[in-house]
Amino acid sequence: MARLFENIDSIELNGISKLYSEHYAVENLDLRIEGGELLVLIGASGSGKTTTLRMINRLVEPDRGTVIINGTDTREFDVVALRRSIGYVIQEVGLFPHMNVGENIGLLPGLEGWESGKVKKRVSELLELVDLPPETYASRSTKELSGGQQQRVGLARAIATDPPLLLMDEPFGALDPILRRQLQDEFAEIKRLLGRTIVFVTHDIDEAFKLGDRVGVMHDARLVQVGRPEELILDPASDVVASMVDADRKFRHLEALSVRDLMLPLLSKYLFPGATEVAQAFAEMMDWDVGVAIVTENDQVAGTVRRRDAYRRRLEGLTMAAIAREPLIFEPGDPVTTALTELKRAGASFALVTERDQPVGLLLSDEVLMRLV
Amino acid sequence: MMDHGLLLLWQDYNLTARTLEHLAIFSVALLLSIAIGFAVGVLIFRKKKYSGIFFAILNTVETFPDIALLVILIPFLGVGAVPTVTACVLYSILPIARNTCTGLSGVSETHIRAARSIGLTDREVLLHIRIPLALPMLAGGVRIAVVFIMGIVTLGGLVGAGGLGVPLMTGIFNNIPALILVSGTWVGLLAVLFDGIVASIEKSLNQRYGIW
């Protein structure tokens, strides 16, 4: 099926409304999305953000108003052709249980008539992109995947035919906080590689600020403000926006907080003996959704390995001790401000927290925090 | 002595040929039932509006005692294998169609939404998502049909279809307990065997496609 557009110049939502039995899910919404940007729609559940997203690929048809892509009203497009030109990722992922990972990703290219060699090559490429080694994962059943792995495959499936526009509906919403941040970091990099236009729905302000070029705040079926993250922080248009971007009011009292208050407790799944082979450790990290391995030798911390690094070096036949790097280390009693300043200076995304030489937690950097320090 | 007698009995009443005849009718009836039952199931699924009428008709057919259905067909279709196969199919459409329809409807909304949102047409959703995921249910329906068909093919001996019903009738009308015992047990064993085969197919489909 012919692609309707190869690039997005602009998407215009002109006064769109959607009524569900007498009340508005979305009311008179105007929004212009520029080609190449990542626009985040944020709001509480029921604020209309998902409905807005679905009106772009016509999963929901607006009762009033128009959606214009590159100057053409989407109602003039064939709906199937429209959706094939747009990638879509949802929180529940919705991988097809009767197909393995490779078949899920290759479904659409196959239906588009790609020859099987080309489909296979594309599947490998995409699995590499989302950090799942194709040699292990292409033929794996989707039932054997963890939540994080499923979401990776869901993303790979959505971009299989390299659509110019990607819609993402709370893709990381069901994941635990550490993993969510890990995937956000990776996604930020993937986004840079793809250079595609993306509309992203979330209810997590940190995620919105981390990923969004611009952020649109929705409240009660209306779009209340759109702007760059700093504009929302410095110049909120209403109390709703102010309270949302200021949800981390606690950080105003940052000086009073210590590392203990903000660290994430350490689980045993993060610990790896130094003698573990990298390939083996990487496989376990994938299975347990671990983003950072803490490498121990003789009950002492020998260093840390990010999963991305384990992935890149999995074929070199080394042990974890050999590739472990010295992390930043803090004590639970250290003030958060000092810790964040040091993290920022080192350009690190996390630090290890130890108490009497025993690891007790992880401190993850956070863009909002960084900006406030 | 007993073995020798069994062998003689087997040869005298052509039980090998009867078995082959029986299995031939059984296979034709089963394949036709699967094809038609599946098609009807998909049709009912696609025309939900008429599903009530469809099922009412099929249920009515199902309530006819099988022997009554078989003899009713004789005035229209004559005697022999044709009315037997027809009765088998009429009887098997319901379980196969019902299970197909249930299987197709039972595919989770998440998967359907995911499929539609990445741009699959209705036809592709049916072909690539719904039908594969409905296969375990379909196999369940086929399993019920296997048991029905084995019984009706045996009754077919009454209306000149041949098969293992013939030696059974001969045994009854001529009072030959050994023949009744042998052919009856043999038909029973065949039914158990085929049920087992379909059950194992159902199990492996469930492992691959199972969502239930």
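Order of the sequence lines sets the chain letters (A, B, ...), proteins ahead of strands, with each chain counted from 1. Heavy-atom basis, side chains included; hydrogens, waters and symmetry copies ignored.
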Where do [X] and [Y] come nearest, in terms of heavy atoms and distance?
X: L120(B); Y: L107(A); result: CD2-CD2, 4.1 Å
X: A114(B); Y: G94(A); result: CB-O, 3.6 Å
X: L111(A); Y: H128(B); result: CD2-NE2, 3.3 Å
X: S117(B); Y: L59(A); result: CB-CD1, 3.6 Å
X: G119(B); Y: R84(A); result: O-NE, 2.7 Å
X: M99(A); Y: I129(B); result: CE-CD1, 4.1 Å

K48(B), NZ atom: more than 12 neighbouring heavy atoms under 6.0 Å: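 More than 12 within 6.0 Å, yes.
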Other residues, nucleotides, ligands: >12 heavy atoms within 6.0 Å of K191(A) NZ: yes
Taking side chain as everything from C-beta outward and backbone as N, CA, C, O, which of these in [X] sits under 4.5 Å from a heavy atom of chain B? Side chain, backbone, both or neither.
X: V93(A); answer: backbone
X: L167(A); answer: neither
X: R58(A); answer: neither

Spacing of OH belonging to Y88(A) relative to CZ belonging to R113(B), to within rounding of 0.5 Å: 7.0 Å
Spacing of OG1 belonging to T110(B) relative to CZ belonging to F96(A), to within rounding of 0.5 Å: 10.5 Å
Option from I86(A), V89(A), L108(A), N57(A) for which side chain to side chain contact (heavy atoms under 4.5 Å, CB included) with I118(B) holds: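 Only match with I118(B) under side chain to side chain contact (heavy atoms under 4.5 Å, CB included): L108(A).
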Side-chain ion pair, E124(B) and R83(A), N-O less than 4.0 Å: no
Side-chain donor/acceptor of H98(A) to backbone N/O of I131(B), under 3.5 Å: no
